[in-house]
Amino acid sequence: MSERKIYFKILLAIAIGMIVVVIGFRAFLAAMGAGGLMSRVSEARAEIPTIVKEEKDLVMFYGSSMVRAGFSPRQFDRELAEQGVDIKSYNFGFGGLNPLFQAALARRIKEQFDANDKRLELAIIEFNPFQTTKTRRNGAIAAEESFLGILGNDQELLDIAKNDLRKGIRMANIKYIRGGISAEMVTNFYGRMFAEPRPRTLLAKDSEEHGKRLGEVGDALTKRFDEEYPNYVDSDWSLEWQGGGTIPEERSKETLELFDEYYKLLQSDYRMDNARLNRIHTADIEGLNFDPLLMESFIEIVKTFQQFSDRVEVVILPQNRKWIKNPPEAIERFDNAVARIEGETGVQIRNFDRTGKFDPTMFSDTTHLARYLGDVPFTNHLVKVYQPILAQD
Amino acid sequence: MLFNTPIFFIFFVIFLLFYGFIFMQRKPRVYFILVSSLVFYGAWNYKFIPLLVGSAIADYFIAQAIGNSNDQKRKKWLVSLSIFINLGILALFKYADFAIESFADLLGAFGYQASFETLSWVLPVGISFYTFQSLSYTIDVYRGDMKPRKGLVEFTAALAFFPQLVAGPILRAKQILPQFHKLPVPTWLNAKHAFLLITVGLIKKTVADLLAAPAALAFDAPNTVSTIELWTGVLAFAGQIYGDFSGYSDMAIGIALLLGFQIPLNFRVPYFALSPVDFWRRWHISLSSWLKDYLYISLGGNRTGHRYRNVFITMLLGGLWHGAAWGFIAWGVFHGVIITATHFFREQERFAGFAQSNSRWIKFIQWAVTFYLILIGWVLFRAETLSGAWEMLINMHSLASTAAAGNSALLILGLVVGSTILIHLMDYFVLNKAEKLESKWWLFWPLLVIGHFLCFMIGQPSTEFIYFQF
């Protein structure tokens, strides 16, 4: 065999081998349902071209799953319209992200607005303290390159490659070859089975009847949803609902009663304490040791929005203060973080967590506002705060 | 540019395209290997390329001068110069800060508080490997074991040859230079074996990365984990360092073999060793044989009646070769002691029967004692401080740890043991059954693809090969 022929065979073997491996990997991801990673983010991004064509003034509430649960855009719009302010708002709250990833997403949103020469009338950005902690970042380290790859554009990948060729190529590989899933993510996912169990509450467990009833009510609510929204197209982020959920006026009296019962059952001490411990474990919610990079990223988010918004507000959402208690040193760290954000962005932060208007019955767990019980009062509070500002503009 | 990264994959495919299809003559190929190797090396830190090239130039001309001289004194002076240059570079970059700090500590112990500026220089990747490799050339020429070869570019390309540049195996000039003189052509059989070695190396490296976590758990906070987790951690480190280093060596040998170059084996199922002496015949063979040929024999070997002393010095310096830290020195001393003890016991009549026995049980005891000693050695090697190592050893043996074992402790111990055995089985398989497997294409290629698929799936808790730091 000639030398060239041997090298040709070697290269062919490498190429075929890699193709088979990549196809196998993609098939594995599909079989595991990993394609749904960041589906809410992807769906929201896909709708931005439609959003920027909206003729009304735009309001965007950008943040974490607390925004997702707590802000009802359709209710916000309707209440404001009744008070003479005609705007269209969107819920851009996403669970599972941290400010590093949100900063990348903010840049993508800005690109779309810039490309259409559109501006936001008002950007409300949530500063979520426990999403900005070292613990939170460490928990997402395995996903960092994947998420940044998915949310980054080619220019950003090129810039990364210019500074660190290895990293740039690795991220391009994750984005284009590996379908956004790095090997670290796969390992991390399966490695969890060897991790030590999270701390659990020592409080008495809910009774069996309690659990049984919770399951029954949950099933009944799912059934009601199917009945009341027969044409609903299943999606994590619906343009029709402006990224938010349902509103009470669309639901029957029986459904609302079921919701009341559901949240009452959900708010048991046992569940709440477990939720608290879980948040401590995954996000250092009480200690609040901030991560420098996540803090910088949050400031970058605000500055990015400032470039394509007429007004940018930074807010802190209420937490369930019956369960989440910060020691004085954590409060000091929090106050310093707020002062830093205000200093570097020039934005005065509104802390809705310190208004005392949101009591523990309004939460589904330690941090998320409950549907109807929590999101309605919170959205109405936002209307009160922002109506004068929007009316003025 | 690690072998198991996308950037190396791109680099190597481009290299193959040029090497296999564009540069078909020997000279351009040698130049191309040199340039590519420098690009490969420069990907870490291009500032150290002059150091590597300078080392090669110095040793090339020294070897030429030795070869041209008939004066034994001049030859001795020249080889001493080569040793001075190579070890001087190592001393400056690797040991200077350690020496300065240790001296300051020593003064402190006598009540003199002194603070000295350290150099704080970055350690060039692979420096310990290429300086030893380069040194072997001048010593071989001095000893008359080989004649100096003409061709500076050829010599530099051989020294910088990218598959083995940063973490060995440490090649002798007489092994690699003739191959550069008449560039080898790979056969398809070579290529298949190379693919097998690369796959096995990747799997070993991947498994080693997984073992890093339980090892770190024990070594990073030895006082907070249970006794079983300490043992698991030490076992995991044993598996990690073996998988990491032998995996890298396998990939290096495989990549070179794809180009037709033959690089000798660096590991031979080391944890199957039946004595500490046997272990060093199986572990990092290129280093142990280098130390034997160029240090132990230079000290007089076992001829001068100072065998124990010579073994001890060789192992001490072997430990120091791994890095400038008391832990490495302690590890070298420990191996010096157990090898000397092995020789001593073997020479005692009453132990002769035990040492030479073919009984399975006795062999098992020999293996168990050897493996236990190797594990103890790894504690000294890996622990952050000597006092930390000592504390860890006490906790491992006294069952004094009050920390409760994690829920998955036994499961993780099982996985660690299984992983270490898996790495060994793969080594054993490559050594003994590779030919048979390579002849069955319907089994060979699917197994290779499955191997790569698994490596594609599993991420790295650690990103660097452990031996790069040496």
Side-chain angles (χ1 to χ4, degrees), chain A residues 1-29 32 34 141-143 145-146 161 164-178 181-198, chain B residues 1-2 4-13 16-22 24 43-44 183-192 194-195 198-199 206 209-210 213-214 217 258-260 405-409 411-412 415 445-446 448-461 463:
Chain A
M1 204 186 293
S2 79
E3 200 179 336
R4 276 202 168 117
K5 226 174 182 176
I6 288 173
Y7 281 115
F8 178 75
K9 273 183 90 169
I10 289 172
L11 280 165
L12 192 69
I14 292 173
I16 293 174
M18 282 315 292
I19 289 168
V20 172
V21 167
V22 171
I23 291 173
F25 182 71
R26 291 291 195 109
F28 173 81
L29 293 185
M32 296 301 293
I141 285 282
E145 286 187 346
S146 288
D164 183 346
L165 187 63
R166 269 192 295 175
K167 191 173 179 184
I169 291 181
R170 201 167 58 229
M171 285 178 67
N173 174 49
I174 292 169
K175 182 169 185 173
Y176 294 111
I177 309 283
R178 306 183 59 102
I181 307 286
S182 66
E184 285 69 28
M185 282 179 81
V186 180
T187 312
N188 197 47
F189 180 78
Y190 288 103
R192 278 181 201 166
M193 65 180 83
F194 303 113
E196 284 303 302
R198 289 174 181 178
Chain B
M1 213 189 284
L2 303 170
N4 58 340
T5 55
I7 188 171
F8 180 78
F9 181 79
I10 294 169
F11 166 85
F12 190 60
V13 167
L16 271 183
L17 283 170
F18 278 88
Y19 190 82
F21 299 97
I22 310 287
M24 300 307 290
W44 270 287
L183 286 177
V185 177
T187 63
W188 184 237
L189 276 178
N190 279 162
K192 276 168 65 175
F195 282 130
I198 292 168
T199 311
T206 306
D209 283 344
L210 293 177
L217 181 78
L258 272 185
L259 309 173
N407 288 5
S408 324
L411 175 66
I412 291 172
L415 286 169
W445 293 107
L448 252 56
V449 168
I450 291 168
H452 279 269
F453 176 75
L454 289 174
C455 295
F456 203 71
M457 293 268 290
I458 300 169
Q460 312 166 322
T463 53

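Note on naming: letters A, B, ... go to the chains in the order of the sequence lines (proteins, then strands), and numbering restarts at 1 for each one. Every heavy atom of this structure was used, including side-chain atoms; hydrogens, water molecules and symmetry mates were not. Just so it is clear, the model here is predicted, and its values are computed rather than measured.
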- For chain A, the option from B:F12, B:Y19, B:F8 that forms the most heavy-atom pairs under 4.5 Å: B:Y19
- Task: Supply the atom-to-atom distance B:T187 OG1 to A:E3 CD, rounded to the nearest 0.5 angstrom.
- Result: 11.5 Å
- Message: Please give me the minimum heavy-atom distance between A:Y7 and B:G20, naming the atom from each residue.
- Response: CD1-CA, 3.5 Å
- Task: May I ask you to check whether over 12 heavy atoms, not counting those of B:F21, lie within 6.0 Å of atom CZ?
- Result: yes
- Note on the structure: Whatever's closer than 4.5 Å to a heavy atom in chain B on A:L165 counts as both
- Query: In terms of heavy-atom proximity below 4.5 Å to chain A, should B:I10 be classed as side chain, backbone, both, or neither?
  - Reply: side chain
- Is any side-chain heavy atom of A:I6 closer than 4.5 Å to a side-chain heavy atom of B:N190? no
- Task: Can you see which heavy atom on A:T187 is nearest to which on B:M457, and at what distance?
- Result: OG1-O, 3.8 Å
- Verdict with reasoning, A:V21 to B:V449, per side chain to side chain contact (heavy atoms under 4.5 Å, CB included): CA-CA 6 Å; A:V21 167; B:V449 168; 4.1 Å; yes
- Task: Taking the side chain as every heavy atom from C-beta outward, state whether B:F9 and A:I14 have any pair of such atoms under 4.5 Å apart.
- Result: yes
- For chain B, the option from A:G168, A:G24, A:S182 that forms the most heavy-atom pairs under 4.5 Å: A:G24
- Task: Could you tell me which residues satisfy side-chain contact (heavy atoms from CB on, under 4.5 Å) with A:I16, sequence neighbours excluded, listed by chain and number?
- Result: A:L12, A:V20
- Item | Proximity breakdown for A:I10 and chain B, heavy-atom pairs closer than 4.5 Å | both
- Message: Using a 6.0 Å cut-off, check whether atom CZ of A:F8 has over 12 heavy atoms from anything other than its own residue.
- Response: no
- Side chain A:R178, main chain B:F456, donor-acceptor under 3.5 Å: yes
